[in-house]
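Proteins come first, then strands; the chains are lettered A, B, ... in the order of their sequence lines, and each starts at number 1.
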Protein chains: 2
Amino acid sequence: MDRTSPRSSTRATEPRQGAQAIRRALSVLRILAAGREDGVPLAEVVRATGLTRPTVHRIVHVLIEESIVERHDKTGRYAIGNQVPELALARPRPSPLLVAAGPSLRRASAEIGDTLFLTVRTGNDTLCVDRRIGAYPIQVLSIEVGARRPLGVSSAGVAILAALPAQDARKIVTANEARFEAYRTDVATVLGEIAAARRLGYGMREIGLIQGTKSISTWIKTPDGRPAAAMTVSAVRTRLGPRREQEVAEILLRETRVIEQAIRASA
Amino acid sequence: MDRTSPRSSTRATEPRQGAQAIRRALSVLRILAAGREDGVPLAEVVRATGLTRPTVHRIVHVLIEESIVERHDKTGRYAIGNQVPELALARPRPSPLLVAAGPSLRRASAEIGDTLFLTVRTGNDTLCVDRRIGAYPIQVLSIEVGARRPLGVSSAGVAILAALPAQDARKIVTANEARFEAYRTDVATVLGEIAAARRLGYGMREIGLIQGTKSISTWIKTPDGRPAAAMTVSAVRTRLGPRREQEVAEILLRETRVIEQAIRASA
DNA sequence: GCGTTCTTGTCCATATTATGGACAGAACAT
DNA sequence: ATGTTCTGTCCATAATATGGACAAGAACGC
């Protein structure tokens, strides 16, 4: 393929070869991570990665021998193994983003009363990294810290995609096509939602991932203009009518600016 | 090499082939994990893994592209990247061992006054997973949660090796030989310390990893008799004379039994 | 300055390694 | 019984990862 330009062109330096197997193993791991504790059946990994079944099987079983993956004997599903958090301990724990966003999440959840989520992008996925439960007695709690979804299926994902250059966003959405089916959406729908978010200034889903819920997400950018995260409010739909939506969005946007300042300061 | 015995012999099911590159990438990652935030120079990874430099270089740079590894521009060292904790979020956080050991660590550190460590085995390494600082004004704090060392170089490692079948212990020590140099020890010394720990009933190092300190470690076994972790007291040497050593060891052994009970109960 | 000895990074012919089509068994449904 | 969908395995083959050799940069000595 392209053997040109040893130095980078714009910013990405992607195409290093000689490690197909390693890359494949990682894409398997990312799919397994989306399955959290319950894990994912082999066939689903095959579908989501586009690899052949023998290949996925071989990779997964080598990773089991290395304690990177676990197989739940009961269900036969595969999940992230205990060696992964062990490796993760090598890194300093409280990430700068979490520190910067903490006070804003607290303030906003107190003010709004519903649950707030902080979600980051990792590759082609969104990953919920913090959650603050609100005071109102009915709360949307089904999304937990560690929840991972293909970019595009949640309002946070739509917000992050809206904050990316259109071309990059389109590329990611296309790459995730095989995984949209499980969330009952498709490329065209997601692209439409991204366009709507760009117009509004925030991401929104009338029908949240959970029946009867609605979500609003703003995007948080790093000083260099790339999206670092999304801040999301999820609530039962009836609590987020048009007027209330406007109010909530304004609070989110205000706190978003605070977080962006805090990131700038800590950098 | 040995291409024999496709079916397992006793308990291990190790030799699945067709993924050399993935295994190599993982052994690189484990070495990088030992370097914590500061990371490890490439040459050190080459030494510790026994792989060739081009291979390590290729693996490391692919992992960088995948955000599994970071390169610190200032120092040129390689470290565990931010995608690793992100994958780790897929697992439930507080591990059963930590839950089981928590009260004992608290009790023992209150009683002894010095810092207590909980250390697990992960492959051929020890990994510090919890720490409780004591009340005495001089404390050994240089070992942090996440610290990773070759099994055998710390008293916790010696304790865990002492609790393993002698043959397994010897195999691990031999496998770590290339990494002992950096800790100024060698295979013969470590095997001697393991033998001493078996005699005493606990692991001990007159000369801790830090100058002027002394450490005592007991091993914690799972119901099936395999070592799950080690509990360690580290203190300035003068605080652990022969009589005190005896007292401290008895407290540790008592709490060890409590933890073993708690594990049994939660399983 | 200039050699020496470190380090990291790159190339590419080669053979070792990972690949996936084909097959088989297990579980479940009809 | 017979189909369908899942997981697991085999092995000839092609593609992949390998590592010797080379290059360039950094740090030190003098």
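Between the CG atom of Leu51(B) and the C1' atom of dG20(D) there is a distance of 15 Å, rounded to whole Å. To the nearest angstrom, P of dT19(C) lies 13 Å from CZ of Arg23(A). In this structure, the CD1 atom of Ile64(B) is 12 Å from the C1' atom of dG9(C), given to the nearest Å. If you take NE2 of His61(B) and C1' of dG19(D), they are 16 Å apart, rounded to a whole angstrom. The distance from atom CD1 of Ile59(B) to atom P of dA17(D) is 10 Å, rounded to the nearest whole Å. When rounded to the nearest whole Å, the span between CG of Asp73(B) and P of dA26(D) equals 13 Å. Ile22(A) has its CD1 atom 11 Å from the P atom of dT19(C), to the nearest Å. Look at NE2 on His72(B): it is 20 Å from P on dT7(C), rounded to the nearest Å.
For Arg170(B), the CZ atom is loosely surrounded, since the number of other residues' heavy atoms within 6.0 Å does not exceed 12. Taking a 6.0 Å sphere around CD of Glu37(A), one finds it holds more than 12 heavy atoms contributed by other residues, nucleotides or ligands.
Contact check, Arg47(A) against dC6(D): a side-chain N or O comes under 4.0 Å of OP1 or OP2. Side-chain N/O atoms of Tyr78(A) include one lying less than 4.0 angstrom from OP1 or OP2 on dG8(D). Close to dC12(C), at under 4.0 Å from its OP1 or OP2, lies no side-chain N or O of Arg58(B). Listed pair Gln20(B) / dA17(D) fails the phosphate criterion, with no side-chain N or O lying under 4.0 Å from OP1 or OP2. Residue Arg77(B) places none of its side-chain N or O atoms closer than 4.0 Å to OP1 or OP2 of dT7(C). Contact annotation: Thr55(A) side-chain N/O to dG20(C) OP1/OP2 distance is under 4.0 Å. Within the structure, a side-chain polar atom (N or O) of His57(B) is placed less than 4.0 Å from OP1 or OP2 of dG9(C).
One finds no salt bridge joining Arg226(B) and Asp168(B) here, because no Lys/Arg side-chain nitrogen approaches an Asp/Glu carboxylate oxygen to under 4.0 Å. At a threshold of 4.0 Å, the pair Lys221(A)-Glu260(A) does not count as salt-bridged, since none of the basic side-chain nitrogens sits closer than that to a carboxylate oxygen. Classification of Arg77(B) and Glu44(B) as a salt-bridged pair fails, no side-chain N sitting under 4.0 Å from a carboxylate O.
For Tyr78(A) and His57(A), the gap between ring centers reaches or exceeds 6.0 Å.
Of the candidates Asp125(A), Thr119(A), Asn176(A), Val158(A), Asn176(A) is the only one forming a side chain to side chain contact (heavy atoms under 4.5 Å, CB included) with Leu151(A).
Which of dG20(C), dG8(D), dC11(C) sits closest to the side chain of Arg71(A) comes down to dG8(D). Closest approach to the Ala21(B) side chain among dC6(D), dA18(C), dC10(D) is made by dA18(C) (side chain taken as heavy atoms from C-beta onward).
Not one N or O on the side chain of Glu193(B) forms a donor-acceptor pair closer than 3.5 Å with the backbone of Arg205(B).
No side-chain N or O of Ser234(B) forms a donor-acceptor pair with one of Thr213(B) less than 3.5 Å apart.
The rotation axes computed at either terminus of the helix from dG1(C)-dC30(D) to dT30(C)-dA1(D) lie 40° apart, taking five pairs at each end and rounding to 10 degrees.
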Worksheet, complete the sentence: Letter by letter from the 5' end, nucleotides 24-30 of chain C scores (B base, S sugar-phosphate only, - none; protein heavy atoms under 4.0 Å) -------
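Evaluation of the side-chain hydrogen bond (donor to acceptor under 3.5 Å, both in side chains) rule for Asp186(A) yields Thr189(A) as partners, not counting sequence neighbours.
Along DNA chain D, the nucleotide nearest Thr52(B) and the nucleotide nearest Pro41(A) are compared for position; the residue whose nucleotide lies closer to the 5' end is Pro41(A). Along DNA chain D, the nucleotide nearest Val40(A) and the nucleotide nearest Arg24(A) are compared for position; the residue whose nucleotide lies closer to the 5' end is Val40(A).
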